[in-house]
Amino acid sequence: MESTPFSISTAISYPNAQPHMGHALEFIQADFLARYYRLQGRPVFFQTGLDEHGLKIFRTAERAGQDPKSFVEDQQTHFRALLEALQVEPDRFIRTSDADHAEIAQALWKRCMDAGDIYKKTYRAWYNVKEETFLGSADDIKDPAVFNIDEKFIELIEEENYFFKLSAYTDRVVAHIESGEYDVVPGNRKTEILNFAKRGLQDISISRERSKLPWGVAVPGDETQVMYVWFDALTNYLTGTSSIDEQGIKTNEFWPYSIHLVGKDILRFHALMWPAMLLSAGLETPKQLMVHGFVLSEGKRMSKSLGNGVDPRDALAMYGADALRWYLLKEIPSMDDGDFTMARLGEIYASDLANDYGNLVSRVTSMSKRYCDGAVPNVGEDAVRNLEKALVEEAWPRYHSHIEQRHIDKALEGAHSLIVFCNRRIEECQPWALAKDPEKQGELHELLYELIEIIRHVSVMVAPAIPGVIAKVRKEVFTSLNDEAFYSSEWGKTVPGMILSPESIILFPRIEA
Ligand code: MSP
């Protein structure tokens, strides 16, 4: 069993509003991968959290008539509640207002400063407050209408700030991405970012005047400035995996990250600025950047004005965490845009979950009750070996390989096709007819054994996606198996004669929409 540590982070969300379906998708994808690698026996660290500083939060708090600290204190409860309801279990929920974060962000700043990569300069630039991004120099671009962004989000910044020499890192960052040392997936995102970077990177402002923005991490040695929110935010990844000692920043066994998982809109910050900051500080760069797409509704971006958004809490209230997780993981392409509607969630709940998986488990447990006194049939070792072993043995490497390629959707489709296979087999073999014929008892028992054993394998495959229901199956159906046997991908670990769930089991009750 591989014992290399695995670490994964999501982007940290802006808590200016309630969490939405896009946040839910990212939390769930990361949680799936964390659970998957845990099942592989690897030590795992999974971090998510909140990006609490910056102009956007400061202004939103002001409008709400609150000071920023108490505003984010209130807002964080919504994100934590959503994570819990989604059964997303991070090892750390980081907030950029945490005390240890300020310490690490300042230590990283000092290292970039000592490397000669931070300098001060007066400049004039257009700024997009909504996305906390610089749009371009106001000396070169006179009319911000060219940006085609609602002008209420655009501001002119005219300040003396600290700059980071991003331009000096163009070649090294390009080389890291090109060689795969920093592996950007999917490939089209890698091409996109390389094309952009090869045109040359520009230095970037990394601080703001405290007199205009008092809400942020103090720039070390300069009380008049706070850090630009992206310098502060990106450092969250380091905070969760390091500490400070006499020598400075000390990273732990989870550094560098195995995967940073982010949405396509923040690709540049993660693919370019972040590795450049780390190279400047003499730290290792992350191994992979996995870029997911957007959750759409009927092909359009979910938005308040279109009224096409679905609040994840409404979906959870109606269908529960397992169903929402299954939908977001299997129906939305893992690294591309995908559509979400409540109606489709209802269909998926009824078909994939209630009909296919739920019914399979309840049919098979009730057949074992009816035909085998509630036990796994006592088939001989030879029979066990000769059953549909090959099917499962071929399915596992495919499943693992899809996940290594970050196609969680395809891995789950594969597992689902095994479920469909079992249901078809029941229809074809008609166990109820076999049961009537004393000469067909052996055949009936072998069929049942095969179905139970495939259910076990499929359940392990989908466990990182629908942990709630699989915990139930593990506890109530496979009661007498120990963890090692239950989670094994070897054929034949279900013990003949073992007692299965004594009652028939309903995993996904019918829901009237
Ligand atoms: N605070 C920054 C990230 C800093 S990371 C050092 C931010 N926050 S956000 O709240 O706007 O977005 C958080 C994550 O959600 C991002 O990865 C973003 O791409 C993702 N999504 C936001 N809207 C989305 C959809 N509609 N669909 C899927 N994910 C999207 O950016």
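Since we're looking at a predicted model, the values are computed, not measured. Counting starts at 1 for both ligands and their atoms, following the listed order.
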Worksheet item: Can a salt bridge be assigned to the pair Lys198 and Glu178 using a cut-off of 4.0 Å between side-chain N and carboxylate O?
Response: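 Salt bridge between Lys198 and Glu178, a charged N being under 4.0 Å from a carboxylate O: yes.
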
Show me which atoms of ligand 1 lie under 4.0 Å from any heavy atom of [X].
X: His23; result: 9 (S), 10 (O), 12 (O), 13 (C), 15 (O)
X: Trp230; result: 2 (C), 3 (C), 4 (C), 5 (S), 6 (C)
X: Asp51; result: 1 (N), 2 (C), 4 (C)
X: Asp265; result: 18 (C), 19 (O)
X: Gly263; result: 17 (O), 19 (O)
X: Ala233; result: 6 (C)

Discussion item. Which option wins on minimum heavy-atom distance to atom 22 (C) of ligand 1: Glu132, Met21, Met273, His20?
Written reply: His20

Worksheet item: Which option, His270, Gln29, His260, Glu26, owns the non-hydrogen atom nearest atom 20 (C) of ligand 1?
Response: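 When every heavy atom of His270, Gln29, His260, Glu26 is considered, Glu26 comes closest to atom 20 (C) of ligand 1.
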
Discussion item. Please tell me whether Phe164 and Tyr228 form a close aromatic pair, meaning their ring centres lie under 6.0 Å apart.
Written reply: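 For Phe164 and Tyr228, the ring centres are not under 6.0 Å apart.
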
Practice prompt. Establish, yes or no, whether a centroid distance under 6.0 Å links the rings of Tyr319 and Tyr327.
Written response: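 No, too far apart.
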
Out of curiosity, is [X] lining ligand 1, as in a heavy atom under 4.0 Å away?
X: Pro15; value: no
X: Phe269; value: no
X: Trp274; value: no

Worksheet, complete the sentence: When Asp183, Leu33, Val184 are each screened for side-chain contact (heavy atoms from CB on, under 4.5 Å) with Met290, the one that passes is Leu33

Item to complete: Considering heavy atoms of the protein only, find what lies nearest to atom 3 (C) of ligand 1 and give residue, atom and distance to 0.1 Å.
Response: Ile12 O, 3.2 Å

Discussion item. Does ligand 1 come near enough to Val295 that some N or O of the ligand is less than 3.5 Å from an N or O of the residue?
Written reply: yes

Discussion item. For ligand 1, which is the ligand I care about here, please tell me if Ser13 has any N or O atom under 3.5 Å from one of the ligand's N or O atoms.
Written reply: no

Nearest atoms (heavy-atom pairs only) where [X] meets [Y]:
X: Glu209; Y: Asn161; result: N-ND2, 3.9 Å
X: Thr96; Y: His101; result: O-CD2, 3.2 Å
X: Gly136; Y: Phe147; result: N-CZ, 4.3 Å

Discussion item. Once you restrict to heavy atoms under 4.0 Å, what part of Glu131 touches ligand 1? Side chain, backbone, both or neither.
Written reply: neither

